[in-house]
Amino acid sequence: MEASVILPILKKKLAFLSGGKDRRSGLILTIPLCLEQTNMDELSVTLDYLLSIPSEKCKARGFTVIVDGRKSQWNVVKTVVVMLQNVVPAEVSLVCVVKPDEFWDKKVTHFCFWKEKDRLGFEVILVSANKLTRYIEPCQLTEDFGGSLTYDHMDWLNKRLVFEKFTKESTSLLDELALINNGSDKGNQQEKERSVDLNFLPSVDPETVLQTGHELLSELQQRRFNGSDGGVSWSPMDDELLAQPQVMKLLDSLREQYTRYQEVCRQRSKRTQLEEIQQKVMQVVNWLEGPGSEQLRAQWGIGDSIRASQALQQKHEEIESQHSEWFAVYVELNQQIAALLNAGDEEDLVELKSLQQQLSDVCYRQASQLEFRQNLLQAALEFHGVAQDLSQQLDGLLGMLCVDVAPADGASIQQTLKLLEEKLKSVDVGLQGLREKGQGLLDQISNQASWAYGKDVTIENKENVDHIQGVMEDMQLRKQRCEDMVDVRRLKMLQMVQLFKCEEDAAQAVEWLSELLDALLKTHIRLGDDAQETKVLLEKHRKFVDVAQSTYDYGRQLLQATVVLCQSLRCTSRSSGDTLPRLNRILQDCPEEPEAINDEEQFDEIEAVGKSLLDRLTVPVVYPDGTEQYFGSPSDMASTAENIRDRMKLVNLKRQQLRHPEMVTTES
C-alpha cells in the first residue's frame, strides 16, 4: 500500500508513528481520537499502512499503543482497542488508554479491560496524560502527552511521500535500466539488426531520481543526527525503519546501473550518429550521382552567340547553387566523420573511412565536372566575344571599302591607305585570336567525354565542333574577301597617287618651260658681232631648245599617263585639260633658232634674213598669261638693229663687188 493512494485518510492523522520508543525499544503507535465519530475503516487502513513500515525485527519487539481518548467516548475507545486485536494482535504488547480526568467510571472501565485481558492478548491500562511517563520516557512522548519529542505529521507525510515516490521510481528505474543494459549486452552482436527494439528510454529521468534520492538521504541523515532544542529528534524513517539503508542501497544500485546505462547510451548514440551519417552520406551521393549528374548531362551546348552563352552560364549558376547546398552538407558530414575518427572505436574506423572516401570521391568528381562546365562556358563566351569583335571589325572595314573615296591630294590618300592597313592588321590579329580561342575551346570539348558517365556525347560534341569551325571558317572567308577588296582599293589609291603625281609633274614641266622662256627672253638677246660670236650664241640657243624640247616631251608623257590613269580610274583629270595647251603654247613662244650667215648663201636670202631679224626685234614675246615682253632693253634693241643694218650694208657692198669686180680694182 502506498501513501499516495490513501493520502486523504493519512492527512486526517487517525494514527501515527511518532518515532518514539518504549522501555523495551518497541515503537510507539499513537491513535488520537477526536470528538467526531471516528471512521473505523479508515482507521483500520491507516493502521495497516503504518504497521507495514517497520521491519520484521522491529515488529518483533512489539508496539506500545497510545489511544488518546481524552476527546472521545468510551465506546469508541473500546471499539478501537478491540480492533487492535484484529489488526496487530501479536505485535501489540501494551495499550495505554489516555482517559479524561473524572469522566469515565473507573470501576467499569477497569473491570472490563481486566476481564478481557486474556482474550485480547495484550495488556490495556487506563492512564491519565500526566502519569503516562510511568510507562514511557518523556523524551519519547510528544508534546501532546507532556513529552519533548517533536513530531510534525504533515512533514512526516510529505517525507513519506517523497520516500515512497523515490522508492517506487528508483525500483522501476532499476528494472528498466537493467533491462536496457542487459538487452544491450546480449544484443551487441545483433544490435544493427535489432537496434530499433533497444532504442527506448527510461520512463523517468535517472538524473532527477538520483538527485531526489540524494536530497532525501541528506534529509534523513540530518534529522537522524541533529537534535531539536538540545534534545534528540528521532525520525519516523530512521535506520530502524530501513529508510536510510534502503535509500542508500537504491542510490548505489542506481548509480551502478546508470553508469552502465550511460555507456549504453553513448554506444547507442554513436551507433545512431553513425547510421545518420551513413544515411546522409547516401542522400548526398544519390543526389549528386542522380539528379545532379543528370542536370550536367543535359547541359552540353555552348551557345551560338554571346547572349546564348550568357544564358547557359546563368543556368549553370543555378545548377551550382543547388550543388552548393549539398556541398555544404558534405562539409558538415566530413567534419562529423573526422570527429568520430578521432574518438571512434577500432571497429568503426573502417566503416567511417569508407564512408568518408566514398563521399569525398563523389563530391570532388562532381565539383570537377561543375568547374569543367564553367570553364567551358567561359571559354565559349570569350570565343563568341572575340568572334563578335572580329565581325564588327570586318563590318567596319567592309563599310570603309564600300564607300568611294575622293581624296583631295596624295597625302590624304596615304592617310587613307595607312588607315586601311591598320584595320587589316587589326583584323589579322583578331582572326589569330579567334583561332587561338577556338582551338582552346575545341581542346576542352574533346575532353568532355571524360565526365559523361557513359553518355555518348559524340553527336553533341560534333554540333559544337561544327559550330566553332564554321565560325572560324566564315571569319576567314570574310577576311579574305576584305583582303581582296583592300588590294583593289590599294591599287586604285596608288593609281590615284600616281595620277596626282603626274599632274603635279606636268604642271611642274609647264612651270619649268615658263621659267626657261623667261630666262631666254631676259638673257639670250644678242645676235653676235661676228660669225664666231654668233656661232657661240647659236650653240647656246640650241641647248635652250633641247632643254625646252625634253621638258615638253616629259610633260607630254606625263599628260598621256594622266589620261591612261583617268581612264583606268574612270575619272577626269583636274589639270590635263588645260596643261597640254599651255605646254604647246609655251613651246611655240620660244624663239626659233637663228639661221647662220654663210658667205656661200645667196645674198637675197641674207638680206631677207636681216630684214626678218629687224622685224622680229620689233615684235614682242606674248606669255601664256597674255603679257608681252621685248628682248632686252630699248637701247639694246636699237644697238642690235644698228648692227644688223651695218651688216646688211657690208653684205650689199660685197654683193656689189661680186657683181662688179672692176669696181673693186678701180677703187684699189
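All of these numbers come straight from a predicted model, not from anything done at the bench.
Pairing each heavy atom of Leu161 with each of Ser4, the nearest pair is CD2-N, 3.7 Å. Considering all non-hydrogen atoms of both residues, Leu288 and Cys363 come closest at CD1-SG, 3.7 Å. The minimum heavy-atom distance linking Thr551 with Ala509 is given by the pair CG2-O, 3.5 Å. The heavy-atom pair separating Ala308 from Gly303 by the smallest distance is CB-CA, 3.8 Å. Contact record, Pro202 with Leu173: CB-CD1, 3.5 Å, taken as the closest heavy-atom pair. A pairwise comparison of heavy atoms in Leu216 and Lys159 identifies CD1-O, 4.4 Å as the closest pair.
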Next on the checklist: Show, in sequence, the C-alpha distance, side-chain angles and deciding distance for Asp466 and Lys462, and conclude whether the salt bridge (Lys or Arg N to Asp or Glu O under 4.0 Å) test is met.
Outcome noted: CA-CA 6 Å; Asp466 292 344; Lys462 186 176 185 304; 2.9 Å; yes

Item to check | Arg266 vs Glu263, salt bridge (Lys or Arg N to Asp or Glu O under 4.0 Å): CA-CA, chis, key distance, verdict | outcome: CA-CA 5 Å; Arg266 189 186 69 82; Glu263 178 62 21; 2.8 Å; yes

Checklist entry - Can Gln336 and Glu276 be said to form a side-chain hydrogen bond (donor to acceptor under 3.5 Å, both in side chains), step by step? => result CA-CA 11 Å; Gln336 295 178 3; Glu276 291 177 354; over 6 Å; no

Checklist entry - Checking side chain to side chain contact (heavy atoms under 4.5 Å, CB included) for the pair Met400/Thr416: CA distance, chi angles, key distance, verdict? => result CA-CA 10 Å; Met400 184 177 179; Thr416 304; 4.0 Å; yes

Next on the checklist: Checking Met472 against Phe383 for the side chain to side chain contact (heavy atoms under 4.5 Å, CB included) test, could you report, in this order, the C-alpha distance in whole Å, the side-chain angles of both residues, the deciding distance, and whether it holds?
Outcome noted: CA-CA 10 Å; Met472 291 192 294; Phe383 172 77; 4.1 Å; yes

Next on the checklist: Does Leu177 form a side chain to side chain contact (heavy atoms under 4.5 Å, CB included) with Val264? I'd like the steps, not just the answer.
Outcome noted: CA-CA 10 Å; Leu177 293 179; Val264 170; over 6 Å; no

Next on the checklist: Using the rule given for side-chain hydrogen bond (donor to acceptor under 3.5 Å, both in side chains), can you reason through Gln313 versus Gln378, listing the C-alpha separation, both sets of side-chain angles and the distance that settles it, and then say yes or no?
Outcome noted: CA-CA 8 Å; Gln313 275 191 331; Gln378 183 62 34; 3.0 Å; yes

Next on the checklist: I'd like to know whether Leu333 forms a side chain to side chain contact (heavy atoms under 4.5 Å, CB included) with Val329, so could you lay out the CA-CA distance, the side-chain angles of the two residues, the decisive distance to 0.1 Å, and finally the verdict.
Outcome noted: CA-CA 6 Å; Leu333 288 174; Val329 177; 3.9 Å; yes

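Note that CG of Leu210 is 6.5 Å distant from CD of Glu207, once rounded to the nearest 0.5 Å. Separating the CD atom in Glu320 from the CG atom in Leu370 is a distance of 5.5 Å, to the nearest 0.5 Å. In this structure, CG on Leu434 lies 11.5 Å from CD on Gln439, to the nearest 0.5 angstrom. Put simply, NZ on Lys437 and CG on Leu442 are 13.5 Å apart, with the number rounded to the nearest 0.5 Å. Atom CZ in Arg307 sits 13.0 Å away from atom CG in Leu381 (nearest 0.5 Å). Atom CD of Gln246 and atom CZ of Phe163 lie 4.0 Å apart (nearest 0.5 Å).
At distances below 3.5 Å, at least one donor-acceptor pair connects side-chain atoms of Asn464 with backbone N or O atoms of Trp300. Between the side chain of Ser172 and the main chain of Glu169, no donor-acceptor pair closer than 3.5 Å is present. A donor-acceptor contact shorter than 3.5 Å is absent between the side chain of Ser218 and the backbone of His214. Put simply, the side chain of Ser360 gets close to the backbone of Gln356: a donor and an acceptor are under 3.5 Å apart. With Ser354 contributing its side chain and Val350 its backbone, the two residues share no donor-acceptor pair below 3.5 Å. Of the possible donor and acceptor atoms, none in the side chain of Asp474 sits under 3.5 Å from a partner among the backbone N and O of Gly470. At distances below 3.5 Å, not a single donor-acceptor pair connects side-chain atoms of Ser426 with backbone N or O atoms of Lys423. Looking at Glu176, its side chain does come within 3.5 Å of a backbone N or O of Ser203 through a donor-acceptor pair. Remark: the backbone N or O of Ala387 is not paired with any side-chain donor or acceptor of Ser391 at under 3.5 angstrom. Side chain of Ser170 to backbone of Thr167: a donor-acceptor contact under 3.5 angstrom is found.
Taking a 6.0 Å sphere around CD of Glu422, one finds it holds more than 12 heavy atoms contributed by other residues, nucleotides or ligands. Annotation: Gln283, atom CD; neighbour count of heavy atoms from other residues, nucleotides and ligands within 6.0 Å is above 12. Counting heavy-atom neighbours within 6.0 Å of Met485 CE, excluding the residue itself, gives a total above 12.
Using a 4.5 Å heavy-atom threshold, the side chains of Val486 and Leu397 count as touching. Between Gln366 and Glu289, every side-chain heavy-atom pair lies at or beyond the 4.5 Å cut-off. You'll find the side chain of Glu515 reaches within 4.5 Å of the side chain of Glu511, heavy atoms only. Under the 4.5 Å side-chain criterion, counting only non-hydrogen atoms from C-beta, Leu441 is in contact with Ile445. Between Phe166 and Leu217, the closest side-chain pair of non-hydrogen atoms is not below 4.5 Å. Between Lys168 and Glu164 the shortest side-chain heavy-atom distance does not fall below 4.5 Å. Contact of the Tyr330 side chain with the Tyr364 side chain is registered, since non-hydrogen atoms from C-beta on lie closer than 4.5 Å. A 4.5 Å side-chain heavy-atom check between Leu254 and Pro206 finds every atom pair outside the cut-off.
For the 3.5 Å distance criterion, the side chains of Gln480 and Asp484 qualify, holding a donor opposite an acceptor. A donor-acceptor contact closer than 3.5 angstrom is absent between the side chains of Tyr261 and Arg268. With hydrogens and angles left out, the side-chain atoms of Asp361 and Gln357 include a donor and acceptor closer than 3.5 Å.
We find that Lys501 and Asp505 are joined by a salt bridge, their nearest charged nitrogen and carboxylate oxygen being less than 4.0 Å apart. Note on Glu294 versus Arg297: salt bridge recorded, some NZ/NE/NH1/NH2 to OD/OE distance being below 4.0 Å. Of the charged side-chain nitrogens involved, at least one lies within less than 4.0 Å of a carboxylate oxygen, so that Arg490 and Asp487 count as a salt-bridged pair. A salt bridge links Glu483 with Lys479: the distance from a Lys NZ or Arg NE/NH1/NH2 to an Asp or Glu carboxylate oxygen falls below 4.0 Å. Between Arg271 and Glu351, at least one side-chain nitrogen of the basic residue sits less than 4.0 Å from a carboxylate oxygen of the acidic one, meeting the salt-bridge criterion. Ion pairing of Glu421 with Lys418 is absent here, as no side-chain N (NZ or NE/NH1/NH2) approaches a carboxylate O to less than 4.0 Å.
The aromatic rings of His384 and His467 lie tilted to each other, with the angle between the two planes from 30° to 60°. Under the 30°/60° scheme for interplanar angles, the aromatic rings of His323 and Phe327 are found to be tilted. Relative orientation of the Trp326 and Trp287 rings is parallel, given thresholds of 30° and 60° on the angle between their planes.
Just one of Asp175, Asn181, Asp252 meets the side chain to side chain donor-acceptor pair (under 3.5 Å) condition when paired with Gln257; it is Asn181.
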